[in-house]
Structure formats: structure tokens, C-alpha cells
There are 2 protein chains.
Amino acid sequence: MAGRAEITPLLAETFREHGYEGASLALICKATGLGKGSLYNLFPKGKEEMAAAVLDEVEVWFEREVFAPLATGGPAATAKMFDAVDAYFRSGGRVCLVGAFALADTRERFAARLRTYFTRWIDALSIALTAGGHKPRKARGRAEEVVAGVQGAIVLARALDDKAAFARVLERLRRRAASPQA
Amino acid sequence: MAGRAEITPLLAETFREHGYEGASLALICKATGLGKGSLYNLFPKGKEEMAAAVLDEVEVWFEREVFAPLATGGPAATAKMFDAVDAYFRSGGRVCLVGAFALADTRERFAARLRTYFTRWIDALSIALTAGGHKPRKARGRAEEVVAGVQGAIVLARALDDKAAFARVLERLRRRAASPQA
DNA sequence: GGATTTATGGACTGTTCGGTCCAAGTTAGT
DNA sequence: ACTAACTTGGACCGAACAGTCCATAAATCC
């Protein structure tokens with residue numbers, strides 16, 4: 001039988017595509033190929049647990065692929081972050097679940113986790129930028145701007161139905177982060 | 001009796017706070033103080049028409065307060081845009097409905113309007129930046145970055161539950177827009 | 001003042017929601 | 001081969017959804 005590990009990515013795409021409330025159990029069953037009995041067997045606490053499992057997966061991936069590598073510091077680490085982020089968001093073809101959850105009723109359900117995700121990202125990027133020559137206080141402001149920029153690039157790409165918009169904004173953020181004086 | 005003009009702003013806040021799907025008719029009745037009969041009298045096509053009326057109001061406001069004034073061009077127009085945007089989003093205390101709609105199932109319902117809103121904003125800001133000394137092609141990239149940045153600042157403020165994050169990011173965007181060479 | 005029209009609110013409707021239940025199928029153990 | 005445990009899917013449940021209906025109230029017209 002399929003386990004949580006196989007099912008959670010499918011849940012993730014369903015929540016990204018439709019949002020928490022838009023992703024009905026009927027849609028989730030269709031996307032996962034499971035009946036409700038099976039879903040509830042894997043996630044006994046129901047839909048909220050499914051979304052929590054998805055957030056777990058997102059956090060684990062970002063910690064491993066983005067936040068921890070940033071600790072090596074410097075421009076190479078920052079550039080690697082941009083590469084990872086570009087790939088993860090499929091160059092603008094994929095919604096950031098955390099950002100989407102922040103803009104809906106889901107925010108209240110997962111408030112601490114949404115906050116931690118962004119705090120962690122900004123902290124990690126601050127450290128990398130500081131190691132790369134940015135003054136600490138400016139680094140933090142820069143990090144916030146970059147993380148906000150990534151989120152905004154996703155919104156823009158989605159609203160314009162234009163992945164290239166994401167790519168252009170990301171490229172600008174990348175160049176800016178690479179330059180301590182700008 | 002209260003008309004659409006009085007009711008639509010209340011609808012707008014309800015959709016901003018809860019999202020399209022999260023804003024049930026029960027919530028909408030509560031927020032507007034009307035019964036269903038009255039709501040359906042004002043908006044015979046139902047909930048989707050209420051949301052469309054809200055988008056109308058958003059577009060009219062942005063056209064009048066942001067896009068049209070940008071046509072006067074130059075740094076003063078751009079600065080004025082930042083002032084208007086800061087006030088409109090209550091310094092980070094208010095969600096951008098268009099952005100929120102772009103990240104949920106509502107995107108499909110209102111695709112053309114969401115696209116037009118952002119296209120209009122980027123075009124208008126491009127023109128203002130070009131009049132302010134930015135090279136046209138760079139102005140367009142800059143405009144995209146600014147608009148994306150505003151959206152991202154809203155997501156960040158919301159997720160972090162910290163309006164000051166919005167203010168900081170907006171300030172950086174403002175300074176960047178004011179400087180042709182950065 | 002009466003007749004007509006419009007606005008009103010909430011009971012009601014059919015549908016969909018998240019979640020529960022359980023018969024049947026599958027797997028594991030002996 | 002049999003038994004027990006586990007997994008499965010979908011019928012079913014109660015609640016909530018968007019929307020309809022209609023008796024009543026209010027407004028408008030003459």
C-alpha cells in the first residue's frame with residue numbers, strides 16, 4: 001500500500017493548485033488515487049493533518065536545500081539558494097504553498113509554521129549575505145526584500161499567467177543579492 | 001435601503017480576510033448586516049457577482065489613485081504611488097485581494113481581470129520611471145520588481161504577522177525606484 | 001388612504017463538504 | 001489452509017454551502 005511518503009507530494013500539488021478550501025476530499029481522492037478510507041487510514045486526523053504533512057515536507061526540503069546550505073555563507077551559497085528556489089518553484093510554474101496559505105483562512109490554522117518558514121529563510125539569507133560582505137543590518141533588509149520578492153514573483157507569474165515574469169524578477173533579485181553596495 | 005456602493009466595501013474586507021471560498025454567505029450576511037434576500041436583490045447573480053463588484057471597486061480605485069497619476073511621470077509621481085499603495089494596504093495590515101485571488105481557485109474565475117490589474121500597474125509604473133530618467137527597458141524590469149515586491153511584502157507581513165516587514169520592504173522598493181542607476 | 005412595486009430576512013432546497021463506518025479484500029502469521 | 005490483523009473504497013452521515021422562494025414590511029405612486 002502507498003504510504004504517507006508517496007501520498008504527501010500528491011497532496012502538496014493539490015493544495016498548491018486549489019488552495020486548502022478549494023482542495024475538497026473528492027479532489028484529493030482523485031489526485032491521490034485513494035478512497036477516503038485509505039486517506040483517513042494514513043491521516044487519521046483528517047484534512048488538516050494532510051495539510052500539516054505537506055508543510056512538514058516543504059519545511060524539510062527548504063531546510064535541507066535552502067536554509068542549511070546558506071550557512072556555508074557567501075556569494076556561492078546565495079547563488080545556490082537562487083538556483084534551488086528557481087527549480088523548486090519550477091521557474092514560476094508552481095505556487096508557494098506557504099505564501100498561499102498566508103493569504104487565506106489557512107493562515108490562522110498554521111500561523112506559527114508560516115511565520116517560522118519565513119523567519120528561518122530571512123535569518124539564513126541574512127547570515128549568508130553578511131558572510132558575503134554585506135553589513136549585517138543591511139543584510140537583513142536585503143534578505144527580507146529578496147524573500148518578499150520571490151513571493152511576489154510567484155504571485156505575478158500566476159496572475160499574469162507568465163512564468164517569464166518570475167524568471168525576470170528572480171534574476172534581478174539574484175543580481176542585487178550578489179552586489180553588496182546596491 | 002443600502003445600495004451596492006455601501007455594501008461592496010464590506011464585501012471587499014470579507015473577501016480579503018477570508019478568501020473567496022472562506023467567505024461564506026453566512027459570513028457575508030454578518031459582515032454586511034443584510035439577509036440573503038437583500039444580498040441577492042443587490043447581486044442577482046450571486047457570490048461571483050459580489051466578488052466581481054469588489055474587483056470593480058479595486059480597479060476603479062487603482063486607476064484613479066495609482067495608474068492615472070503615474071502618467072504625470074517622474075519621481076514625484078512614483079513617490080505618490082508608494083504613498084497611495086502604503087495607505088491602501090494599510091501599511092501592511094490589509095491583504096491585496098487580487099494577489100490573494102491569484103493564488104487560489106479564484107484565479108480561473110477572474111483570470112483576465114487579475115492579469116489586467118498587474119499589466120496595467122507595471123505599464124503605468126514603467127512610463128513614470130522612464131519619464132523619471134530610467135532607460136525604458138530597465139524601467140519595465142524595475143516596475144515588475146516593484147510590483148512583485150509590493151505583493152511579496154504583503155505576503156510576508158501577513159505570514160510574519162508583522163506590518164513593519166511590509167513597511168521596510170516598501171521603503172527599500174521606494175528608494176530603489178527613486179534611483180535610476182541602482 | 002389605497003394600490004402597486006420594491007426590498008427584506010430567513011426558511012427551505014439541493015448539493016457539496018469533511019468525516020465515519022463497515023463489508024470486502026489483502027496481507028501476515030501460524 | 002486457516003485465522004487474525006490491516007487496508008481499502010465508497011455508502012452514508014450530519015453540517016455547511018450557495019442559491020431560491022415567499023410572506024411581510026417598506027417605499028412609491030396616484
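Chain letters run A, B, ... following the sequence lines, proteins first, then strands; residues in each count from 1.
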Cationic tip of [X] above [Y] ring, under 6.0 Å, 45° of axis:
X: B/Arg107; Y: B/Phe101; value: no
X: B/Lys47; Y: B/Tyr40; value: no
X: A/Arg120; Y: A/Phe62; value: no

Euclidean distance, atom [atom1] of residue [X] to atom [atom2] of [N] [Å, nearest integer]:
X: B/Arg4; N: C/dT6; atom1: CZ; atom2: P; value: 17 Å
X: B/Leu42; N: C/dG9; atom1: CG; atom2: C1'; value: 13 Å
X: A/Phe43; N: D/dG9; atom1: CZ; atom2: C1'; value: 17 Å
X: A/Tyr40; N: D/dG9; atom1: OH; atom2: P; value: 15 Å
X: B/Leu39; N: D/dC17; atom1: CG; atom2: P; value: 14 Å

Under-4.0 Å salt bridge between [X] and [Y]:
X: A/Asp86; Y: A/Arg174; value: no
X: B/Asp56; Y: B/Arg4; value: no
X: B/Glu65; Y: B/Lys80; value: no

Out of C/dG19, D/dT8, D/dA18, which has the shortest distance to the side chain of A/Lys47? C/dG19
Winner on side-chain proximity to A/Asn41, out of C/dA7, C/dG9, D/dT7, is D/dT7
Between the protein and nucleotides 12-15 of chain C, list the N/O to N/O atom pairs that are separated by less than 3.5 angstrom.
none

Using the six-membered ring wherever Trp is involved, compare the ring planes of B/Trp121 and B/Tyr117 and label them parallel, tilted or perpendicular (cut-offs 30° and 60°). perpendicular
Do A/Ile28 and A/Phe15 have side chains that approach each other closer than 4.5 Å (heavy atoms only, starting at C-beta)? yes
Can you tell if the side chain of A/Val85 reaches within under 4.5 Å of the side chain of A/Phe89, non-hydrogen atoms only? yes
Heavy atoms only, 4.0 Å cut-off, all strands: where does B/Gly37 land among base, sugar-phosphate and nothing? base
Just by modelled atom types, is the B/Glu48 backbone N or O under 3.5 Å from a matching donor or acceptor in the B/Arg109 side chain? no
Looking at B/Ala87, is its backbone amide N or carbonyl O close enough to the side chain of B/Ser91 to form a donor-acceptor pair, meaning the two atoms are under 3.5 Å apart? no
Can you pull out the residues from residues 13-24 of chain B that lie within a 4.0 Å heavy-atom distance of DNA chain C? none
Heavy atom of residues 25-34 of chain A under 4.0 Å from DNA chain D: which residues? A/Gly33, A/Leu34
